[in-house]
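Have a look at the structure below before the remarks.
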Amino acid sequence: MSATAHKTAPLPDDIRGRKGGDPLVSLTAYTTPMAQMMDDHCDFVLVGDSVGMVLHGLPSTLGVTMDMMIMHGQAVARGLQSAMMVIDMPFGSYEESPQHAFRNAARLMAETGAGAVKLEGGAHMAETIAFLVMRGIPVMAHIGLTPQSINTLGGYKVQGRGDAGAALITDAKAVAAAGAFAVVLEKVPANLADQITSDIDIPTIGIGASAGCDGQILVVDDMLGLFTAFKAKFVKRYAELGTQGEAAIAEYAREVRARSFPGPEHIFADQAPGKG
């Protein structure tokens, strides 16, 4: 193999095989340029339904549609070579029945080229997960805080504290037994996340969970400081691009109003250089 050859994207079984190994790295992406930036650094990239809030200004993920997920999935796929793409199943696309879930999951994968789908829910979704896996749809599960269920959860609260922890352990074991190749643990106490990670044989992907999880994921616009409407406790800002971008736009506006932009280097003469 050439030393310059590009590595191939991992498959769901490869991700599953990383259980207990080097931590898995993941971020969300919704556009081709962002996918290109993270491709060499992530094991898998999630086209998250968080796109509704981050890029479309929706108050929650509940208004995200299949068409939106497909459009953004296709954009992200164009920017990936090394990382596997996982795509979220939006609210209402899988809860009705396993058959309904299969039709929508198959469409998402066929029209975007995703390597797997992600769906929210624990033990109550185990039947659906098993149905999809048996029919060739790799599934990443998502338990703990499930944003599509905020209306029944009472908001974006930590899940699994106290006696509620036993239910999350049951959820984790159920999705693993159903055939999920990995499970996202969102906004759960660190000790509980560590216990779940120890108790199940598939990788746990933490977001507001524990450094002891088998991997981590963040919304890229959060960690880059592009999304500034709010900042969750579990988000670390690795840059402040939103602040820098606003400052750059303000400077552009100032120069336009002062007629200092465009300058001579940005405009064209009547004749090309070197022409008599």
Side-chain angles (χ1 to χ4, degrees), residues 12 26-32 34-35 44-80 84-122 124-133 135-153 155-156 159 171 175 178 180-187 205 207 217-222 227 229 232:
S26 180
L27 289 167
T28 64
Y30 320 112
T31 64
T32 304
M34 197 67 80
F44 70 91
V45 168
L46 174 68
V47 185
D49 59 358
S50 50
V51 67
M53 302 172 72
V54 173
L55 293 190
H56 294 273
L58 297 177
S60 72
T61 63
L62 299 182
V64 175
T65 66
M66 283 283 291
D67 286 343
M68 289 167 66
M69 294 306 301
I70 288 169
M71 178 183 68
H72 289 286
Q74 290 171 341
V76 169
R78 297 182 193 111
L80 296 181
M84 183 179 76
M85 186 172 83
V86 180
I87 190 164
D88 266 343
M89 297 194 71
F91 178 69
S93 69
Y94 60 94
E95 298 90 340
E96 180 181 337
S97 68
Q99 293 79 8
H100 181 238
F102 175 78
R103 288 191 294 271
N104 284 319
R107 182 186 171 202
L108 282 174
M109 292 187 68
E111 296 190 30
T112 67
V117 300
K118 181 171 76 64
L119 57 80
E120 297 181 5
H124 68 286
M125 292 307 302
E127 179 186 359
T128 294
I129 292 171
F131 189 91
L132 296 181
V133 171
R135 287 157 180 80
I137 306 286
V139 177
M140 178 177 288
H142 182 157
I143 63 173
L145 175 63
T146 48
Q148 294 175 10
S149 302
I150 56 165
N151 290 330
T152 55
L153 294 176
Y156 296 96
Q159 302 295 308
D171 283 339
V175 300
F181 69 90
V183 58
V184 172
L185 306 180
E186 180 166 359
K187 212 166 183 179
I205 311 299
I207 177 167
I217 187 169
L218 283 176
V219 172
V220 70
D221 294 72
D222 285 341
F227 182 76

State the OG1-CD distance between T146 and Q159, to the nearest 0.5 angstrom.
7.0 Å
Closest heavy-atom contact between A105 and L132?
CB-CD2, 4.3 Å
Going from CG on L108 to CE on M69, what distance comes out if it is rounded to the nearest 0.5 angstrom?
7.0 Å
Value for OH (Y30) from CE (M71), rounded to nearest 0.5 Å, stands at 12.5 Å
First locate atom CD of E111, then atom CD1 of I70, and finally report the distance between them rounded to the nearest 0.5 Å.
4.0 Å
Show, in sequence, the C-alpha distance, side-chain angles and deciding distance for V183 and L185, and conclude whether the side-chain contact (heavy atoms from CB on, under 4.5 Å) test is met.
CA-CA 6 Å; V183 58; L185 306 180; 4.3 Å; yes
Decide if atom CD of E127 counts as having more than 12 heavy atoms of other residues, nucleotides or ligands within a radius under 6.0 Å.
no
Evaluate the side-chain proximity of V220 to M34: yes if any heavy-atom separation is below 4.5 Å, no if none is.
yes
side-chain contact (heavy atoms from CB on, under 4.5 Å), that's the test. Do F181 and M140 meet it? Break it down for me.
CA-CA 6 Å; F181 69 90; M140 178 177 288; 3.8 Å; yes
Where do V219 and S50 come nearest, in terms of heavy atoms and distance?
CG2-OG, 4.0 Å
Which heavy atom of G63 sits nearest a heavy atom of L58, and at what distance?
C-CD1, 3.9 Å
Please name the pair of heavy atoms, one in A29 and one in V45, separated by the smallest distance, quoted to 0.1 Å.
CB-CG1, 3.5 Å
Does the side-chain contact (heavy atoms from CB on, under 4.5 Å) test come out yes or no for L119 and V139, once each step is laid out?
CA-CA 7 Å; L119 57 80; V139 177; 4.0 Å; yes
Which donor-acceptor pairs under 3.5 Å do side chains of residues 84-92 form with protein atoms, sequence neighbours excluded?
from : atom 1 : to   : atom 2 : distance (Å)
D88  : OD1    : K118 : NZ     : 2.8
D88  : OD2    : D49  : N      : 2.9

To the nearest 0.5 angstrom, please state how far the CZ atom of R103 sits from the OG atom of S97.
6.0 Å
Just jot down the ring-ring contact (aromatic ring centres under 6.0 Å, His included) partners of H72, sequence neighbours excluded, or say none.
H56
Which heavy atom of T128 sits nearest to which heavy atom of A101, and what is that distance?
CG2-CB, 3.6 Å
List the atom of P138, the atom of G115, and the distance in Å for their closest heavy-atom pair.
CG-O, 3.4 Å
Starting at CD1 of I137, measure out to CD1 of I129 and round the result to the nearest 0.5 Å.
13.0 Å
Could you tell me if the side chain of V184 sits less than 4.5 Å from the side chain of I143, heavy atoms only?
no
Hey, mind stepping through Y94 and V117 against side-chain contact (heavy atoms from CB on, under 4.5 Å) and telling me if it holds?
CA-CA 11 Å; Y94 60 94; V117 300; over 6 Å; no
Set of residues satisfying ring-ring contact (aromatic ring centres under 6.0 Å, His included) with respect to F227, sequence neighbours excluded:
F230
Using only atom types and a distance under 3.5 Å, with no angle test, would you say the side chain of N104 pairs donor to acceptor with the backbone of S93?
yes
Please answer whether the main-chain N or O of Q148 pairs with a side-chain N or O of E120 as donor and acceptor at a distance below 3.5 Å.
yes
Where the side chain of H142 meets the backbone of L145, is there a donor-acceptor pair that is under 3.5 Å apart?
yes
Say whether, by atom type as modelled, one donor and one acceptor occur between the side chain of T28 and the main chain of L46 under 3.5 angstrom.
no
